[in-house]
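Report on one structure; see the data block that follows.
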Amino acid sequence: MLMEKWSTTTIADFRRTLLAWYDQEGRDLPWRHDQDPYHVWVSEIMLQQTQVNTVIPYYQRFMAAFPTVEALAHAAEPDLLKAWQGLGYYSRARNLQRAAQQLVTDYHGQWPRTAVALQDLVGIGPYTACAIASIAFKEVVPAVDGNAFRVFARLLLIDADIAQPKTRQLFFDAIHPIVDPQRPGDFNQAVMDLGSSYMTAKNSDPAHSPVRRFDASYRDNRVLDFPVKTKKPRPKLIPYYGLLVHSPAGDLVVQRTSQQMLTGYWTYPLVTKADLQPDEAPEPTTLAADITAIEQRWAQDYHLAVTFQPLGGQAVSQTYTHQRWQVKLLVAEVSSALDLTYFPGEWVPREQVKALPLPKVQEKMMQRWAKSRSAVNK
DNA sequence: GAATCGTGGAC
DNA sequence: TGTCCAAGATT
């Protein structure tokens, strides 16, 4: 395996160079105004798989709404989910609150101060634990995230596949002796700033990097060969029907269960073909046949007599990490608020639907429905 | 170890 | 429109 070796002199030189650049050019971010572990923690969770510019307004609103660990621990779940709406990976929000409750009850408000101990909190894995421990508690550990992978794969010519979980330990061991023991938190954050400026995945600019003279991949003109990362399969297409049902009491909405993705968020009822024909062999069906099957299902299972009409135009599409939803919309207008005793949903007045925690796919369905109504009224 | 879990930006 | 990417953790 390729791997550049650095002398202790080179390591000291690198630390000075990196931190001098960070002191001059490091970004002024809302969560960098102090080393409060709560601030570091919330920002690190939000920043998982999410870009800085996206996080900033969420972080500011979140701190205004939940200024302390105690406030977060006692927050109402709908308020929490609403604050997280649009950030994605929603289990992060619920885990954040669960960990806040752990801190209050199990730790009596006293933060564990090491990376190892921090990982006992829900949602804090190896990366986030090291980030908090180094920034808030000055533990000398590398925070091995995507930036660290990219930066040190290039600097040190490490060609291990970063898509493999075991590779994380290899990078940890390689970076650990390089971390500045006096300023571990600043070291880690400097690496992140480097990884999101001069050493990005695509439009990197290694020629002007402050650590160019340490960059073996630049020296060898092989910058884009690193890091090595195997590709993931394309998202699988899943056809859905989105059921837009309106009554004098409002729109029919359902809350996603813990068995489903987008847990706790609200959508119009969604059904897949698999829901309509639970048997293994998915036979090709027509739109009319699917509508009939849905209507029969609603009559039998939910005691709801509803007639659906297809809503014209393109289906709503939503791409997730491993699924691609294609949602065809069906509309039903009912003259009275049907009894929902047997249906796991609620009638909500249209103006109040927007106040619920909603995923992006729901916002798209709402827009499409509103657009069709305004077209009719012209 | 592989699969799962959201969204927005860049090209 | 499609593709890849962005401060990962959990099961």
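Not measured: the values here are computed from a predicted model. Labels below follow one simple rule: chain letters A, B, ... track the order of the sequence lines, proteins then strands, and each chain is numbered from 1.
Straight-line distance from the CD atom of A:Gln48 to the C1' atom of C:dT10: 11 Å, rounded to whole Å. Atoms OH (A:Tyr265) and P (B:dG6) sit 9 Å apart, rounded to a whole Å. B:dG9 atom C1' lies 14 Å from atom OH of A:Tyr58, rounded to whole Å. As a whole-Å value, the separation of A:Ile162 CD1 from C:dG8 P is 10 Å. For A:Leu87 and B:dC5, the CG to P distance is 18 Å, given to the nearest whole Å.
Under a hydrophobic clustering in which Ile, Leu, Val, Met, Phe, Trp and Tyr are joined whenever their side-chain heavy atoms come within less than 4.5 Å, directly or via other members, A:Met192 and A:Ile175 fall into different clusters.
Summarising the local packing, NZ of A:Lys138 is surrounded by 12 or fewer heavy atoms from other residues, nucleotides or ligands at distances under 6.0 Å.
When heavy atoms are screened at a 4.0 angstrom cut-off, A:Arg98 is found touching no nucleic acid atom at all. Nucleic acid contact class of A:Leu29 (heavy atoms, under 4.0 Å, all strands): base. Heavy atoms of A:Thr50 sit under 4.0 angstrom from at least one base atom. A:Ala131 comes within 4.0 angstrom of nothing in the nucleic acid, heavy atoms only. Looking at heavy-atom distances under 4.0 Å, A:Asn203 makes contact with sugar-phosphate atoms alone, never a base. Nucleic acid contact class of A:Val55 (heavy atoms, under 4.0 Å, all strands): none. A:Gln189 comes within contact range of no nucleotide atom at all, as no heavy-atom separation falls under 4.0 Å. If you check every strand for non-hydrogen atoms under 4.0 Å, A:Met192 touches a base.
Comparing A:Thr321 and A:Lys166 against DNA chain B, the residue whose closest nucleotide sits nearer the 5' end is A:Lys166. Comparing A:Ser91 and A:Ala163 by the nucleotide of DNA chain B that holds the closest heavy atom to each, the one mapping nearer the 5' end is A:Ala163.
Counting only heavy atoms from C-beta on, A:Leu47 has its side chain closest to C:dA7 among B:dT7, C:dA7, B:dC5.
The phosphate of C:dA7 (OP1 or OP2) has a side-chain N or O of A:Arg150 nearer than 4.0 angstrom.
Comparing B:dG1 with C:dT11, their C1' atoms are spaced 11 Å from each other, to the whole Å.
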